[in-house]
Q: 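For reference, the structure I am asking about is given below.
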Amino acid sequence: MLEIKDLHVSYGMIEAIKGISFRVDDGEIVTLIGANGAGKTTAMHAISGLIRPDSGQIILNGQDLSKVQPHKILKLGLSQVPEGRRIFAGQTVEENLFLGAYIRNDREKTLNDLDTVFELFPRLKERRSQRAGTLSGGEQQMLAMGRALMSNPSILLLDEPSMGLSPLLVSEIFRIIDEINKKGTTVLLVEQNAKRALQIADRAYVLETGLITLEGTGDELSHDERVKAAYLGG
Amino acid sequence: MGFLSYLVSGLSLGSVYAIIALGYTMVYGIAKMLNFAHGDVIMIGAYVAFFALSNFGLPIIPATLLSIVVCTLLGVIIERLAYKPLRDASSLSVLITAIGVSYFLQNGAQIIWSSSTKVFPAIFQSGSVSLGGASISYLTLITIGVCLIVMAALTLFINKTRTGAAMRACSEDKGAAILMGINVNHIISVTFAIGSGLAAIASVLLCAAYPSVYPTLGAMPGIKAFTAAVFGGIGSIPGAFLGGLLLGVIEIFAKAYVSTQLSDAIVFAVLIVVLLIKPTGLLGKKIDEKV
Ligand SMILES: Nc1ncnc2c1ncn2[C@@H]1O[C@H](COP(=O)(O)OP(=O)(O)O)[C@@H](O)[C@H]1O
Ligand SMILES: [Mg+2]
């Protein structure tokens, strides 16, 4: 469904992504793991149009996203939960969720999806009229995920959803990602928390300073000596 | 004249500042730039209204509407041609460009319409009502009324419409707004359109009170309204409203009770004191740097 071919991205003179290729098939959870600064966020931003790549292709269901205007990418079914959540702190939880559905005109289905999001994240329902900036870190992550789901995407990109959360919340977030996937949404997950990511992923890629150095199923990489040494604490 | 008369004329002058300040503050809030050509849009609006009234003999409402249409288009065109190409440039380049646009409009007006002053026709009945012993002109009441209507309409628009929600999203985080499928360029255009349309309304109110039309007409109200926007907290819509009204009242009180010559100095002194105590202005939040 999503295929990245020989992607190059740079910031001025510095090349952050040096020609990577990977793919995410329909229904999969694929994870991209790598250390801080490896280029994971850059890759995510290139896919969702926040940065223009220097070269390469980003094919979503046959269409090259690098040639699509950034704000039109969501309509093609690709939604992103950005690193650091980037919720609209000054607006209420509900307003944030409706912004997630900004591109939609089907009011009734949107309200259905709002209910689905509230089922997935009951905390958001409790706090629906509260300003998003007053939520805890975990709740903000849930809001960012709920907001991204409000467009009813066919593929969801998550950039370090577990960042800064307590171990208990991390487990909760990963459980929910799995649930979202089981309900039919394809997932591309970027994580520094390699252990958890590999547990739920069908397939995984290891990104090191702008290059993919390893790939395999989640299981294979969990048991790979190099991955263990570098990302799973030995 | 007594205290009450001064207060009401201050609120009236402040209403004009507030309407102009809304344009500065909205553009700053969303495009994160100071549009120094905003004052000159007022000047163009004044010329359009002047010709509509004097040469075409239009009544005041259609003349104002025409001025709004022209200024709205002008604002959108300025943004498209001068500012949009600089979306990723440094804020200094954008500022210099805005000053350039300002001179361009002033000099353009001078070439087309000459620098001689045109006298704006009297458009409102010169009657007045008396309130607590003070006599208040219709124009004063209309000006304050228009400002209240503008403020109410804008608040509703920003808080209750889909485009308003998109504007609030853009002002908080443009990248995240793009991820919501919001066309940020379109929202910036809409912002310039609204701000410039408001400038046209302000121009008519201003010329009704001070009936001279000349190419640098917009400079002084522009800088005062900019001050009002900073005073209230740039980026904040209620801040622009409050800042505008307060600035008008302070200016009139300073003129009445202290000195006509020192009134502007007093206005800016108050601004400096406010910014020393509260650097983000009265109602301002954290000021985002243009990134
Ligand atoms: N806005 C930017 N300007 C310049 N360099 C950047 C910018 N963002 C990221 N980089 C650089 O690009 C590289 C990859 O960063 P990033 O994609 O954020 O990595 P990750 O998400 O894997 O931590 C890093 O070396 C980082 O310093
Ligand atoms: Mg990152």
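Just the heavy atoms: all of them, side chains too, but no hydrogens, waters or symmetry mates, feed the values below. Everything numeric here is computed off the predicted structure, so don't read it as measured data. So you know, we letter chains A, B, ... as the sequences are listed, proteins then strands, and number each from 1.
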Q: Between A:Leu78 and chain B, which part of the residue has a heavy atom less than 4.5 Å away: side chain, backbone, both or neither?
A: neither
Q: Which bit of A:Ala89 comes within less than 4.5 Å of chain B, counting heavy atoms only: side chain, backbone, both or neither?
A: both
Q: Verify, without hydrogens or angle tests, whether B:His38 (side chain) and B:Ile20 (backbone) share a donor-acceptor contact under 3.5 angstrom.
A: yes
Q: Under 6.0 Å from the NZ atom of B:Lys160, do we count more than 12 heavy atoms belonging to anything else shown?
A: no
Q: Do A:Leu74 and A:Tyr102 have side chains that get closer than 4.5 Å, going by heavy atoms?
A: no
Q: To the nearest 0.5 Å, what is the distance between CG on B:Leu73 and CZ on B:Arg80?
A: 12.0 Å
Q: Please look at A:Ile103 and chain B and tell me whether the side chain, the backbone, both or neither of the residue comes under 4.5 angstrom of a heavy atom of that chain.
A: both
Q: Which residue out of A:His45, A:Gln69, A:Glu95 racks up the most heavy-atom pairs below 4.5 Å with chain B?
A: A:Glu95
Q: Distance under 6.0 Å and angle within 45° of the ring axis: does A:Arg127 meet both against A:Phe118?
A: no
Q: Please enumerate all residues that pass salt bridge (charged side-chain N to carboxylate O under 4.0 Å, His left out) together with A:Glu160, with sequence neighbours excluded.
A: A:Lys40
Q: Sort A:Gln91 into side chain, backbone, both or neither according to what part of it lies under 4.5 angstrom from a heavy atom of chain B.
A: both
Q: Inspect the surroundings of CZ in B:Arg162 and state if more than 12 heavy atoms from other residues, nucleotides or ligands are less than 6.0 Å away.
A: yes
Q: Which members of residues 133-146 of chain A, sorted by number, sit under 4.5 angstrom from chain B on a heavy-atom basis?
A: none
Q: So do A:Asp159 and A:Val81 actually touch side chain to side chain, heavy atoms under 4.5 Å?
A: no
